[in-house]
Amino acid sequence: MVCLLLALGGCAPGIDPIPKEEAPTTADTARFVRLRVEEARAFRLQNRLDAAAQSLERALAVAPNDPEALRLLARVLSESGHEEQAPALRARADRVDPPPSPPPDEPLEFPGEGVLVVLLPPEPEDPTTTGLFDEWPDRRAPDVLVAQLRKRLPHAAVTELSPATVAEARAWLRSRSPRAVLSLRVDRANCGDSAKDGPFALAVLTVSAGTPERLSVLPRSMRVVDGDPQAGKGCADEALSRALERVFADQAVRATLASGTEPATAALWPSPEIRALFPGLGRRLASEIDRGRARLAVGRLNDAEESFRRAEAIDPDDKDVRVYIEEARATLALARELEPTLPPARAAALGGDLIEVELSPAQRAGAEQMLSEERARRDALLAAISLVGGEGDELSPAIESALRPAEIARGDAPGPRLAAQQAHGPVAKRVLFAPDGRTLAVFYVPTAGGPPVLREDGADGAPERWTAYAGRRRSEVWEDREHAGVPTSHFVLGRDGTVQKIEVLRAADGTPVRVFEYAGGRLVSEAQDTNGDGILDRFERFDADGEVVLREEDLNGDGKIDVRSFFEKGKLVRREITDPELLQGAAPREGGTPVP
């Protein structure tokens, strides 16, 4: 193979030894603008407003209509005393990237009569706190919600309430006889500023809704981030109003608020519904149960029974509370039965509360059975918590111990197929169930035995993510981000859990169309299939600043590199052509331009 070096000397006649400077690609421009915007955010946080403005002006010099740079420059100019220049910049940004329409003012299409909206403040850190707060952490949040509710549901009743018990909440609801209740808890309504994201406002609402007959909307979170909030104390107002509009846009919420015409005054308002509408009740109930279990474990039986009694007062219908109360009573009765057999000195030392006894074989067997059942409940909960808690690098032993066998429906589905590749052989299906019987996740294990090699997650029964394990550690992840039914993204992880490679896959055949490789958290190379033939034909390497230093291209599809381009500080300095036919313009470059 002949290699022709287009350097300053020794070139064939008719070939320009000085390479022409290439125009930056769209990707190069976007990368430059992104770096300048991030630089400006950092300068702004350091109160170096002039430096921030200069960085943004450099970004706008190559991308005059970049909305992010325009809006940030408007903010920087306002903060530096040049408010008169900001409106024009914001107007330019809005023409390119129109902001969301303001929250509507007109009433919703269904009547608000008979609807009760309950506003709940954030939960206090002390789980034993009951009743209403004397003051919200910030009264602005409920005031904003009330003002918007008056516009959208003008005939609904709006109140603030934090009941101490289920009975108190039930009596309060019955006294008002609403046909539907909407519960809104303000979890977050605050603003921030960071070098990564710039200024932002965050609003998070927990919403649930129901009628006297049933709970229609289980507690769910509505989250809105405003990337360009107004300055001042009202910076989160817009985000909070938009979060409320997301509540009204939820079809289940709308159906609940529009259902029924007459209040059902005789309805019971079941305990699970009340606890969903007032989440603080469940939090305090769980706290009392945990306190009682801790006291029961160390033998403080009277104190344990008192904690369970307090839990019972919060919700007498809770099954776990009744079980623990009976357990405390049975243990107390057993202790009193055996207390006379203790030496007098030992019984006196124990006092009337802290119990320590010797059990008979039958009593010990009964206690062990009770502990075994409790351990099974605990293991199921631990497995669920371990799964929900995350994306740790290692597979939790709690999950492995809680897996149950299941049948593989389709062996050619992505999950069984990927699992068989990881196991190098046939696999079996295992399912992790929640304590209430729901499927939390699906795992695949080698038929020959061993830990899981693949975890499958999804929503509404459709798998969307597959996580491979090597030696119980995450090694690869596939995702179906296009809802195509097959993986369209592939992530390869290092032993430390960091991403080493990302592949964007073609849904039709699973071949990569783009491949990114990382080292130390930095992008070092990228490969692309530029013509869609299923073969990677363009390869780039980057320096520590993200600039291209080497580009290799296969222009004729023969699987061999035809052109190598060398760059310094983002500019082409040398090109090598390894196929002489390309010098005659036989093979076009991307976009149809002959190679020089």
Side-chain angles (χ1 to χ4, degrees), residues 114-137 139 141-142 145-146 149 153 156-189 203-222 240 243-244 247 250 252-253 256-257 259 263-265 267-291 307-322 436:
V115 174
L116 175 63
V117 182
V118 180
L119 299 183
L120 305 174
E123 287 292 328
E125 294 185 4
D126 181 4
T128 63
T129 301
T130 60
L132 282 170
F133 283 94
D134 293 334
E135 293 184 1
W136 283 56
R139 282 299 313 179
L145 291 177
V146 168
L149 285 165
L153 283 172
V158 182
T159 187
E160 300 175 19
L161 183 69
S162 183
T165 67
V166 168
E168 178 185 329
R170 181 178 291 121
W172 185 83
L173 289 171
R174 284 180 169 177
S175 69
R176 284 152 181 80
S177 301
R179 63 176 177 83
V181 173
L182 175 64
S183 171
L184 299 173
R185 186 179 72 193
V186 181
D187 295 324
R188 298 285 296 274
V204 183
L205 297 177
T206 293
V207 56
S208 59
T211 62
E213 293 81 8
R214 65 187 181 90
L215 179 69
S216 303
V217 180
L218 291 171
R220 62 187 65 175
S221 181
M222 300 293 180
L240 197 56
L244 181 59
V247 173
D250 187 281
V253 173
T256 301
L257 299 184
S259 63
T265 56
L268 178 62
W269 288 102
S271 293
E273 180 173 356
I274 290 178
R275 283 168 53 179
L277 293 172
F278 300 95
L281 291 172
R283 184 171 179 263
R284 290 191 287 271
L285 182 69
S287 175
E288 291 294 352
I289 290 177
D290 289 344
R291 185 179 291 108
S307 293
F308 295 140
R309 286 293 183 194
R310 285 198 294 268
E312 185 181 35
I314 296 173
D315 185 4
D317 298 327
D318 187 86
K319 295 179 180 179
D320 287 340
V321 171
R322 293 200 298 268
D436 61 1

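Take Arg214 and apply the side chain to side chain donor-acceptor pair (under 3.5 Å) test, not counting sequence neighbours, and it matches no residue. In this view, Ser271 and Val166, Arg170, Asp315, Asp317 satisfy the side chain to side chain contact (heavy atoms under 4.5 Å, CB included) rule, not counting sequence neighbours.
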- List the steps, then state whether side-chain contact (heavy atoms from CB on, under 4.5 Å) holds for Leu244 with Leu184. CA-CA 9 Å; Leu244 181 59; Leu184 299 173; 3.8 Å; yes
- Item | Test side-chain contact (heavy atoms from CB on, under 4.5 Å) applied to Leu119 and Leu149, step by step | CA-CA 11 Å; Leu119 299 183; Leu149 285 165; 4.2 Å; yes
- Given side-chain contact (heavy atoms from CB on, under 4.5 Å), test Leu120 with Thr206 step by step and report yes or no. CA-CA 9 Å; Leu120 305 174; Thr206 293; over 6 Å; no
- Task: Test Arg176 against Thr159 for side-chain contact (heavy atoms from CB on, under 4.5 Å), laying out the working first.
- Result: CA-CA 11 Å; Arg176 284 152 181 80; Thr159 187; 5.8 Å; no
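For the atom pair CH2 of Trp172 and CG of Leu116, the computed distance is 4.5 Å after rounding to the nearest 0.5 Å. Atoms CG and OG, from Leu205 and Ser183 in turn, are 10.0 Å apart once rounded to the nearest 0.5 Å. The distance from atom OG1 of Thr165 to atom CZ of Arg284, rounded to the nearest 0.5 Å, is 9.0 Å.
Put simply, the side chain of Leu257 reaches to within 4.5 Å of the side chain of Leu153, judged on heavy atoms. Taking 4.5 Å as the limit, every side-chain heavy atom of Leu215 sits out of range of all side-chain heavy atoms of Pro272. In this structure, Val181 and Glu273 have side chains that are not in contact, with every pair of non-hydrogen atoms separated by 4.5 Å or more. A heavy-atom distance below 4.5 Å is not found between the side chains of Val117 and Leu145. In this structure, the side chains of Val217 and Leu182 stay at 4.5 Å or more apart for every pair of heavy atoms. Side-chain contact between Thr211 and Arg179 is absent, with no heavy atoms from C-beta onward closer than 4.5 Å.
A distance-only check finds a donor-acceptor pair linking the side chain of Ser208 to the backbone of Ala276 [under 3.5 Å]. No donor-acceptor pair closer than 3.5 Å links the side chain of Ser287 to the backbone N or O of Arg283.
What you find for Ser216 and Thr256 is that their closest heavy atoms are CB-OG1, 2.9 Å. Of all the heavy atoms in Phe308 and Ile289, the pair that sits closest is CE2-O, 3.7 Å. The two residues Pro163 and Phe278 have their closest heavy-atom pair at CD-CD2, 3.4 Å. Closest approach of Pro121 to Arg185, counting heavy atoms only: O-CG, 3.5 Å. Nearest heavy-atom pair across Ile274 and Ala169 is CG2-CB, 3.6 Å. Residues Arg174 and Ser177 approach most closely at O-OG, 3.0 Å, considering heavy atoms.
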